[in-house]
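Since the model is a prediction, treat every value here as computed from it, not as a measurement. Below, chains carry the letters A, B, ... as their sequence lines are ordered, and counting in each starts from 1.
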Amino acid sequence: MSDNSNHESSNFIRNIIKDDVKNKKNKSLVHTRFPPEPNGYLHIGHAKSICLNFGIADDFKGGLCNLRFDDTNPAKEDPEYTDSIQQDVKWLGFDWSDRLFYASDYFEQLFEFAKQMITNGKAYVDHLNADEIRDHRGTLTEPGKDSPYRDRSIEENLSLFERMRAGDFEEGECILRAKIDMSSPNINMRDPAIYRIKKAAHHRTGNNWCIYPMYDYTHCISDALEGITHSLCTLEFEDHRPLYDWFLDQLPVTCHPQQIEFARLNLNYTITSKRKLNELVVDGSVSGWDDPRMPTIVGMRRRGYTPESIRDFCSRIGITKNDTTIDVGVLENCVREDLGGRAPRVMGVLNPLKIVIDNYPEDKSEQLDIPNHPNDPTMGERKVPFSKIIYIEKDDFMEEPSKKFFRLAPGKEVRLRYAYYIICNKVVKDDSDNILELHCSYDPDSKGGDSPDGRKVKGTLHWVSAEHAFKTEVRLYDRLFDDPKPDSNKHENGWKDFLNSDSIKVVKNAFLEPSLKSANKEDFFQFERIGYFCVDSKDSDVGKPIFNRTVSLRDSWAKKQK
RNA sequence: UGGGGUGUAGCCAAGCUGGUUAAGGCACAGGGUUUUGAUCCCUGCAUUCCCAGGUUCGAGUCCUGGCACCCCAGCCA
């Protein structure tokens, strides 16, 4: 199996950690965490973070990585997501062992810490409403103003905060805020909210709470409580770092993790925004979070991407603070490379053209022994039936070929892969000039695809015996968007205008070699000369697999045609 | 116009405390092998590191000054 994930190239975060280990910081321990909010499905951008966090833990002796759900907003979170996230991380090949945590596990502790902050004069209950708070916050260039409630006594704050917990106030009536500095040039430091009232049931704590802690307050404490050494997050949290450090400095925690930020993943022709992906699901643009066109982990899995290929991708793109956009071609190349080495080869005709081999006996058929992989004999062979009537791909025939076309044409000889040489003698058409079938003759001496006289044929075509063909549905997927930046452009009607109308083409009756009838869900193959396909995990039945195209083969001929 | 970041090829990205011909991958272009126009294998692809000055025997790496782009004004994360 190909797997480069253990041979990460250096990046600035690894370098920092390497130094920390060398300098015996944190007793030379490395402990990271992957902290998703369970409010949606994981996507390729999360894979980058997962590979970074778990990858680093794997690379350093004794390193650990926790899985922690950042579940502080009951309005948006759901067990559907905690389940899928765990499956996805596992499927990607990572293991959090017994270290599965929830921020909600810390609610009681978080509450106690908040009371301590009040006691220390570092937090207060503010009765300004949301609009007033915004007005008091100031702007990017102007300082904010203190709330009139900022100097309430410790006793009053304590009692008010207890009453918030007890449910004495309505949502929006008041919040607990940190008392820092309303004139800080960093807006995050202008007395940020710590607790807000939300009378909503939480997926784990039920109705135990009607106040919920905010991210900035919860995250750093959760990290500290778990003994995290390096807290890796994306760039937009960079100016939250002073707050992260401030909270930990106020509290009696013995661990103070180092937050390090890196750039999130952007892919061209792709959208990675939970909100927008959700919109596609809700409005029916795709069939669900696991639609094979989605950049979600479940979607990519169903499309035929392997964990190995995704990990390889993540290691190739690197980790920096540069705001960059990766070419999806890199991703596609990663699956091709992985599957190229280990996908069994098979033959299937998607767009059939009938061929009658005139000199092949009427009722004869034979079982040819065909290797499952041209470059890897250990993958064995299979039997593929051959007979008088076969199908080839329509594109593989041209009545009036250009000089560079070396597939089948009238009077031309080609090889049927692993079978025989055939030569085209006659083109049969209907009244409106459509080609109905081709009549060819074969060379019995060329069995297997070689002729004893050593004559060369340039073209080799895949084929399927008509009477033996297994007919099933094949789906040809393409990019979901046809614009490289569907996200950023201010197109009149928004990003959905860039949805690619050809992102799925369904071939209802593809003609596949019969061995494919017994393929199982998630099995992958290379359909020779076409691309990589996998058995759809949802819509397939035993004996009736349906195939999804993961990615096409590189096609320099098609490229030349343009 | 406040604060925080980033600028190395078409797209990513190494480049440790300044030292030699500026890694590697993707893409692209040529050539070879080939029973997949696939794979594989060669070869080419930044006199130059956002720009301008400066320090130095020597700068992508240090200094100064510009410029460009990204993020921040949720009781979201």
Side-chain angles (χ1 to χ4, degrees), chain A residues 9-11 15 18-19 35-37 39 70-73 75-77 126 128-130 133-134 137-144 171-177 184-190 192-198 211-212 214-216 218-219 233-242 261 263 268 274 315-334 336-337 340-341 345 347 371 373-375 404-407 414-419 421 446 448-450 456-462 526-531 552-560:
Chain A
S9 60
S10 77
N11 62 54
N15 291 342
K18 222 177 283 172
D19 280 350
E37 182 189 14
N39 67 345
D70 231 325
D71 55 348
T72 55
N73 187 353
K76 293 186 175 175
E77 296 152 11
D126 194 350
L128 252 27
N129 65 38
I133 286 190
R134 193 182 325 112
R137 188 152 32 226
T139 68
L140 296 177
T141 52
E142 304 158 46
E171 286 187 19
E173 216 179 321
C174 55
I175 59 169
L176 183 72
R177 301 178 76 177
S184 171
N186 181 345
I187 292 185
N188 296 300
M189 301 299 273
R190 321 241 257 233
I194 302 178
Y195 270 91
R196 78 288 214 190
I197 296 166
K198 263 188 196 293
I211 57 172
Y212 292 92
M214 301 290 292
Y215 165 84
D216 286 305
T218 308
H219 199 85
C233 64
T234 41
L235 248 29
E236 65 271 27
F237 293 104
E238 211 153 18
D239 31 60
H240 291 236
R241 192 182 342 125
E261 310 83 13
N268 59 13
K274 277 190 198 171
S315 77
R316 284 190 203 203
I317 58 177
I319 300 289
T320 66
K321 302 182 77 151
N322 302 343
D323 181 22
T324 58
T325 301
I326 311 286
D327 191 331
V328 264
V330 179
L331 221 204
E332 294 169 348
N333 182 67
C334 288
R336 281 199 190 98
E337 199 169 290
R345 311 288 129 119
M347 291 192 287
H373 192 117
N375 310 323
K404 288 285 181 94
F405 185 83
F406 51 76
R407 275 112 97 145
V414 297
R415 170 170 37 236
L416 293 175
R417 175 142 244 232
Y418 298 123
Y421 288 4
S446 64
D450 276 311
K456 297 287 183 215
V457 294
K458 182 80 172 141
T460 300
L461 313 184
H462 60 279
Q526 185 199 94
F527 288 12
E528 293 215 42
R529 305 210 308 133
I530 302 178
S552 63
L553 247 38
R554 262 202 207 87
D555 190 347
S556 55
W557 168 245
K559 214 176 277 173
K560 256 179 220 166

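- B:rG18 is unpaired under the criterion used here, namely a Watson-Crick or G-U wobble arrangement in which both key atom distances are under 3.5 Å.
- Side-chain polar atoms of A:Arg417 and A:Thr460 form no donor-acceptor pair below 3.5 angstrom.
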Might you list the N or O atoms of the protein lying below 3.5 Å from N or O atoms in nucleotides 42-45 of chain B, with each pair's distance?
none

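- Nucleotide B:rG74 carries a syn base; the chi torsion (O4'-C1'-N9-C4 or O4'-C1'-N1-C2) is within 90° of 0.
- The side chain of A:Thr141 lies closest to B:rG2, out of B:rC12, B:rU36, B:rG2.
- Rounding to whole angstrom units, CG of residue A:Asn322 and P of B:rU8 are separated by 6 Å.
- Ring planes of A:Tyr215 and A:His240: perpendicular class, angle over 60° (limits at 30 and 60°).
- Here B:rA73 is the nucleotide among B:rG5, B:rU36, B:rA73 with the atom lying nearest to any side-chain atom of A:Ile187.
- Here the nucleotide nearest the side chain of A:Asn333, chosen from B:rC75, B:rA27, B:rA77, is B:rA27.
- Comparing the C1' positions of B:rC41 and B:rU6 gives a spacing of 39 Å, expressed to the nearest Å.
- Picking from B:rC76, B:rC28, B:rC75 the nucleotide with the shortest atom distance to the side chain of A:Ala193 gives B:rC75.
- Within 4.0 Å of A:Lys404, counting heavy atoms only, lies at least one base atom of the nucleic acid.
- Counting non-hydrogen atoms under 4.0 angstrom, A:Thr139 reaches a base of the nucleic acid.
- In the set B:rG25, B:rC75, B:rC12, the nucleotide with an atom closest to the side chain of A:Arg137 is B:rC75.
- A:Phe237 comes within 4.0 angstrom of a base, heavy atoms only.
- Nucleic acid contact for A:His462: none, since no nucleic acid atom lies under 4.0 Å from a heavy atom of the residue.
- Taking every side-chain heavy atom of A:Arg196 into account, B:rA77 is the closest of B:rA77, B:rU36, B:rC28.
- Base pairing of B:rC69: its partner is B:rG5, meeting the Watson-Crick or G-U wobble criterion (both donor-acceptor distances under 3.5 Å).
- Minimum atom distance to the side chain of A:Asn73 is reached by B:rA77, of the listed B:rA77, B:rU39, B:rG37.
- Remark: C1' of B:rG74 and NE2 of A:His240 are 10 Å apart, rounded to the nearest angstrom.
- You'll find a donor-acceptor pair under 3.5 Å spanning the side chain of A:Arg345 and the base of B:rU36, going by distance alone.
- A:Thr320 has no side-chain polar atom (N or O) that falls below the 4.0 Å cut-off from OP1 or OP2 of B:rU6.
- Residue A:Tyr215 places its side chain closer to B:rA77 than to any other of B:rU39, B:rA13, B:rA77.
- Contacts of A:Thr72 with the nucleic acid, taken as non-hydrogen atoms under 4.0 Å apart, involve only primed sugar atoms and P, OP1 or OP2.
- Closest heavy-atom contact between A:Glu171 and A:Ile197: CG-O, 3.4 Å.
- A donor N or O paired with an acceptor N or O is found under 3.5 Å between the base of B:rG3 and the side-chain atoms of A:Asp239.
- Side chain A:Glu337 to base B:rU39: no donor-acceptor pair is found below 3.5 Å.
- The listed nucleotides are B:rC75, B:rG37, B:rA14; the one nearest the side chain of A:Asn11 is B:rA14.
- Figure legend. B:rA59 is base-paired to no nucleotide; pairs are counted as Watson-Crick or G-U wobble with both atom distances under 3.5 Å.
- Of the residues A:Lys76, A:Glu77, A:Lys274, the one that meets the side chain to side chain donor-acceptor pair (under 3.5 Å) test with A:Asn39 is A:Lys274.
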Starting from the C-alpha separation in whole Å, work towards a yes-or-no answer on salt bridge (charged side-chain N to carboxylate O under 4.0 Å, His left out) for A:Glu261 and A:Arg241.
CA-CA 9 Å; A:Glu261 310 83 13; A:Arg241 192 182 342 125; 2.7 Å; yes

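- A:Ile326 places its CD1 atom 5 Å from the C1' atom of B:rC12, with the value rounded to the nearest Å.
- Closest to the side chain of A:Ile175, out of B:rG2, B:rC75, B:rU36, is B:rC75.
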